[in-house]
There are 2 protein chains.
Amino acid sequence: MVKRIMATPTLEDVARLAGVSRATVSRVVNGTRNVDPDLQETVRNAIEQTGYTPNHAARSLVTRRTGTVALVISGAGGGSDVFVDPFFGRVTAGVVDFLRTRGVHPVLMLADTDRTRVDVVEFLRQGSADGALLVTTHAAESLPERLLAAGVPTVLYARPGRPMPVSYVDLDHQAGGRLAAARLVELGCTSVGAISGPLDVLASQDRLTGFRDAMARNGFPYVPVAEGGFTAASGHAAMGRLLVEHPEVDGVFAANDLMAQGAVDVLLEHGLRVPQDVAVVGFDDSAPALACRPQLTTVRQPVEAMAAKMAEVLITSLEDPEQRPISVIFEPELVIRASA
Amino acid sequence: MVKRIMATPTLEDVARLAGVSRATVSRVVNGTRNVDPDLQETVRNAIEQTGYTPNHAARSLVTRRTGTVALVISGAGGGSDVFVDPFFGRVTAGVVDFLRTRGVHPVLMLADTDRTRVDVVEFLRQGSADGALLVTTHAAESLPERLLAAGVPTVLYARPGRPMPVSYVDLDHQAGGRLAAARLVELGCTSVGAISGPLDVLASQDRLTGFRDAMARNGFPYVPVAEGGFTAASGHAAMGRLLVEHPEVDGVFAANDLMAQGAVDVLLEHGLRVPQDVAVVGFDDSAPALACRPQLTTVRQPVEAMAAKMAEVLITSLEDPEQRPISVIFEPELVIRASA
DNA sequence: CTGAAAGCGCTAACAC
DNA sequence: GTGTTAGCGCTTTCAG
């Protein structure tokens, strides 16, 4: 059998083989309109024989749809190592999980410099993707407005730094802070401190605010705070500082599990027992919470569900472009384990 | 100022405004061929004024290039939660890091069922991406041959289950196993056990083989093995089994850090000290190695560098399709910390 | 060095 | 219910 080098088959080829017009083939491929069952059969055979696959570029040139969305991670100052943060892994999991059911694929983009931010906007303006899912933490992030200005359908994970008509999903971070405070109070802590996330991150501010407010309402007007950077190392350092200034501390709220883990380490190194001497509450309920010894009592953020919702909101707004912005706020939940 | 609703500008619009032909505009946009400097200036202004951005679909319809590649994660049985595994985060980081310098974007795909595998091939055949980066662990994975059969430029992370003409990057896993054995022997362990990864994963087999061979060469003809699944929980369970059957064990090699972490937990729970009573060596040198207490002595796999290389190989083979398959094997390295 | 013209492969009115 | 006919916006010979 002689094999011939043949170009990939097109609609035209299928149509010719099936003895019908391109339009008809297109119709059966896309399942649009009614097509005579017999013809459908013929066409399907022809498709089978030729090994035809529709060309994506040609299709999206006319439909103006690509079937992909950009998943933009606007890392802090960090580069690609954000992907090592369990948080982003969970976001990705949630997004992929939802999108795959709709045949939509996420393209991963990092926006950590002005240059890459411009690239993202460019990418979307070129129509390389139908919309953007933006996971940003920094309040000052400029991407939301740029995307909005470019008319790109966008959904944010976390509310925008400045109010603007854009859809987003978010967690009630303040409620989360309150949950942590309640736990520490319930445990009878008399001297509590907090390890916050970067304070230019809205979520960090909110968690801290909620925590402080609840503590204040419980008779603790002042809570010492050490700022961390959402990494274990920064939590370690922050706990160290807290310990120096307030050696009497017997309760700590860390704004994420990674930092809580770092804090627990320091405590243990100092011969303090957790939770007997110092109770520690984390935030997120991601992998480190379980890996940590003792396992972390933490405020659960349903990241996967939130990410999936974000994707869902984008897909629906792609279907109905006139739709007004939507916001969905999730409630945190206290998960009690061993550390507090 | 009255704002008009205007369609996004096309080459045509720019050409008209600049008083030149579309071809000329195309040339300056793409920097192909020489164009009169004055005209270039004019054209650039026109582009500026119109806010023109080339349409991706139209361009790739003719160039047959998309500027994206598929990053396919062929998860074990698992679904989207593979993204929580630090290994994939590192792969992603390495890939993104390299690709961004070349203006190429990865689209994330999960291939965990036959259906999704077909989708992946379909996606590539449609020309939705220029090539595939396949991260697969299972030896029986069918995607490599399917992709090869479809003529899709592909690079694998890990050698294929069956020999075939495809490019890949890999680690010398056996050497890694030997490194671990050498450490345990050096420490004077007299009864060692191993926690392997899933045995249908080539890397697991190789790590174990290398470990066993080296142990045998050092006078240990038999090494008890408990099979795990690369998760902390499975490592925990495996260590438990090992301990029941061989309570005298004083050295353990776990085929990845997550399992090593689980193993350490069990050991500690049983009142055994690490490394004094039992030495533990992990594999990968990923985040859990550092988070673990004691910190893990482990065999380093340079995942990010390997992933970057994988992307590089793909990009070069995209540029020269005639190029023969390439393989790049990385060497592991022992990282000594506290656990062994 | 620049313009004219021919498609890339597909969908979507619009007739029949 | 099916075919005809325009394009979608761009690159690229091929002349000039």
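All values derive from a computational prediction rather than experimental measurement. In what follows, chains carry the letters A, B, and so on, assigned in the order in which the sequence lines appear, proteins first and then strands, with residues in each chain numbered from 1.
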Picking from [options], which would you name as closest to the side chain of [X]?
X        : options                   : answer
Arg22(B) : dT11(C), dT2(C), dA5(C)   : dA5(C)
Thr24(B) : dG3(C), dA12(C), dC10(D)  : dG3(C)
Arg59(B) : dT11(C), dC10(D), dT12(D) : dC10(D)

Touch class at under 4.0 angstrom, heavy-atom based, for Arg27(B) against every strand present: base
Side-chain ion pair, Glu41(B) and Arg44(B), N-O less than 4.0 Å: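 No, Glu41(B) and Arg44(B) are not salt-bridged.
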Residue that, paired with Met310(B), satisfies side chain to side chain contact (heavy atoms under 4.5 Å, CB included) out of Leu134(B), Val91(B), Leu156(B): Val91(B)
Provide, to the nearest angstrom, the distance between the [atom1] atom belonging to [X] and the [atom2] atom belonging to [N].
X        : N       : atom1 : atom2 : value
Glu12(A) : dT5(D)  : CD    : P     : 13 Å
Asn55(A) : dC10(D) : CG    : C1'   : 14 Å
Arg16(A) : dC10(C) : CZ    : P     : 12 Å
Leu61(B) : dG7(C)  : CG    : P     : 14 Å
Asn30(B) : dT2(C)  : CG    : P     : 15 Å

Quick one: is [X] getting a side-chain N or O under 4.0 Å of the [N] phosphate, OP1 or OP2?
X        : N       : result
Ser26(A) : dT11(C) : yes
Thr10(B) : dG9(D)  : no
Ser21(A) : dT2(D)  : no
Arg64(B) : dG9(C)  : yes

